[in-house]
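Everything below concerns the one structure shown next.
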Amino acid sequence: TRTEDGHLFCLVAPMILPREHLLAGVDDVYNGIMVRGDSVGDVVFVGRGAGKLPTASAVVADVIDEAKHLRARKFLFWSPGEAGYVRDHRLAPATMLLRFSCQEDAGALVQIGRAFGDVRMVSVPDAPDNEVAFISPSMPECLLMEKIGKFTGRCGFTGGRNKLPGG
């Protein structure tokens with residue numbers, strides 16, 4: 001994400017996407033990346049990249065490439081970047097799907113929701129009575145993680161860190 005002042009927040013992580021998003025159909029052992037260009041708009045690249053066979057194939061291909069070019073040196077050239085150009089992603093606004101489970105303290109579930117502020121509750125048919133799931137309001141990830149930490153001793157943090165696109 002590029003900030004208004006021209007800096008970047010970079011992150012590779014699981015994301016929850018709307019069904020109509022270009023990457024929403026990427027599944028199983030496939031990885032996908034969407035690149036937005038000034039001239040071409042959104043371009044999506046999808047291919048096998050997860051799982052033991054695609055990973056083994058990539059490793060073997062790299063070894064063969066190195067063996068074929070044993071005496072050739074490959075260089076990557078990077079120009080020095082501006083200090084602070086890429087910012088810590090934990091400072092970027094984030095919205096997350098969070099799930100907590102409290103075996104013995106059902107009142108804690110209400111306190112969890114209040115601690116995070118204006119949350120959007122998520123209900124799933126047949127969900128356990130001792131579990132709560134919600135979408136957090138947008139706030140810096142470091143603040144979200146701090147709030148999660150306050151409840152991990154009393155309740156189990158059963159899931160989350162699935163960020164939603166756009167903050």
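Residues Phe116 and Met121 are members of one and the same hydrophobic cluster, defined by side-chain heavy-atom contacts under 4.5 angstrom among Ile, Leu, Val, Met, Phe, Trp and Tyr. Placement of Phe45 and Val40 within a single hydrophobic cluster is found when ILVMFWY residues are connected by side-chain heavy-atom separations under 4.5 Å, directly or transitively. Placement of Val29 and Val26 within a single hydrophobic cluster is found when ILVMFWY residues are connected by side-chain heavy-atom separations under 4.5 Å, directly or transitively. Val35 and Val46 fall into different hydrophobic clusters, where Ile, Leu, Val, Met, Phe, Trp and Tyr side chains are chained together by heavy-atom contacts under 4.5 Å.
Note on ring orientation: taking the six-membered ring where Trp is involved, the planes of Phe134 and Phe100 are parallel (angle under 30°, cut-offs 30° and 60°).
The heavy-atom pair separating Leu98 from Ser136 by the smallest distance is CD1-CB, 4.2 Å. Nearest heavy atoms, Lys147 versus Ala115: NZ-O, 2.8 Å. Between Pro93 and Ser138, the shortest heavy-atom distance links the atoms CB-OG, 3.5 Å. When all heavy atoms are compared, the tightest approach of Val86 to Cys10 is CG1-SG, 4.1 Å. Ala94 approaches Leu144 most closely through the heavy-atom pair O-CD1, 3.6 Å.
The closest donor-acceptor contact from the side chain of Thr1 to the backbone of Phe9 lies at 3.5 Å or more, if one exists at all.
To the nearest 0.5 Å, atoms CE (Met34) and NE2 (His21) are separated by 4.0 Å. Here the CD1-CG distance, from Ile148 to Leu143, works out to 10.0 Å after rounding to the nearest 0.5 Å. Taken from CG in Leu23 to CD1 in Ile33, the straight-line distance is 9.0 Å, to the nearest 0.5 Å.
Side-chain contact between Val119 and Pro137: present, with at least one pair of heavy atoms (C-beta onward) separated by less than 4.5 Å. Counting heavy atoms from C-beta outward, Arg2 and His7 have side chains that stay 4.5 Å or more apart. When side chains are defined from C-beta on, Asp5 counts as touching Arg87, because their heavy atoms get closer than 4.5 Å. Between Asp88 and Leu91, the closest side-chain pair of non-hydrogen atoms falls below 4.5 Å.
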Walk me through it: do Arg90 and Met145 pass the test side chain to side chain contact (heavy atoms under 4.5 Å, CB included)?
CA-CA 9 Å; Arg90 293 171 294 188; Met145 298 313 293; over 6 Å; no

Worked verdict on Val122 versus Leu97 for side chain to side chain contact (heavy atoms under 4.5 Å, CB included):
CA-CA 9 Å; Val122 175; Leu97 170 66; 3.9 Å; yes

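A side-chain hydrogen bond (donor to acceptor under 3.5 Å, both in side chains) check over residues 22-39, counting only residues at least two apart or in different chains, returns the pairs Arg36-Asp42.
Within a 6.0 Å sphere centred on CG of Asp62, other residues, nucleotides and ligands contribute more than 12 heavy atoms.
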